[in-house]
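Right, one structure below, let's go through it.
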Amino acid sequence: MVESAAARKNVGEICVVCEQPRFKGIHLYTSFICTECERDITATDTKDPKYTFIIKQLKKVTTPEIYS
């Protein structure tokens with residue numbers, strides 16, 4: 001089922017990191033990262049256990065295939 005832009009505006013998009021519906025954020029290829037997680041990505045120290053979780057979640061982001 002394809003979501004319409006109007007439906008996404010009412011529900012938001014699912015963040016690839018926190019897996020929660022959010023309204024503000026950025027798109028990385030075909031994935032969505034909410035503003036809060038974007039802030040966490042840039043502020044979390046590499047020694048923090050949360051960093052490992054973020055990396056695991058970001059591995060879900062894949063580059064879309066380009067068809068010629």
Start with the C-alpha gap between Phe23 and Glu13, add the side-chain angles, then the distance that decides, and say whether side chain to side chain contact (heavy atoms under 4.5 Å, CB included) holds.
CA-CA 6 Å; Phe23 293 99; Glu13 294 184 71; over 6 Å; no

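- Here the straight-line distance linking atom OH of Tyr51 with atom OG1 of Thr46 works out to 6.0 Å at 0.5 Å rounding.
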Yes or no on side chain to side chain contact (heavy atoms under 4.5 Å, CB included) for Glu38 and Ile26, after CA distance, side-chain angles and deciding distance?
CA-CA 8 Å; Glu38 180 186 0; Ile26 61 172; 3.7 Å; yes

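- Thr35 places a side-chain N or O within donor-acceptor distance of the main-chain N or O of Lys24, the cut-off being under 3.5 Å.
- Here the closest heavy-atom approach between residue Cys15 and residue Cys34 is recorded as SG-N, 3.4 Å.
- A salt bridge between Lys60 and Glu19 is present, with a side-chain N of the basic residue lying under 4.0 Å from a carboxylate O of the acidic one.
- A continuous path of ILVMFWY side-chain contacts below 4.5 Å connects Val17 to Tyr29, so both sit in one hydrophobic cluster.
- Atom CD in Gln57 sits 10.5 Å away from atom CD1 in Ile55 (nearest 0.5 Å).
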Stepwise, does the side chain to side chain contact (heavy atoms under 4.5 Å, CB included) test hold for Ile41 with Leu58?
CA-CA 10 Å; Ile41 290 167; Leu58 288 175; 4.2 Å; yes

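- Residues Asp40 and Lys50 form a side-chain contact, since some pair of their non-hydrogen atoms from C-beta on lies under 4.5 Å apart.
- For the residue pair Phe32 and His27, the shortest heavy atom distance occurs at CD1-NE2, 3.7 Å.
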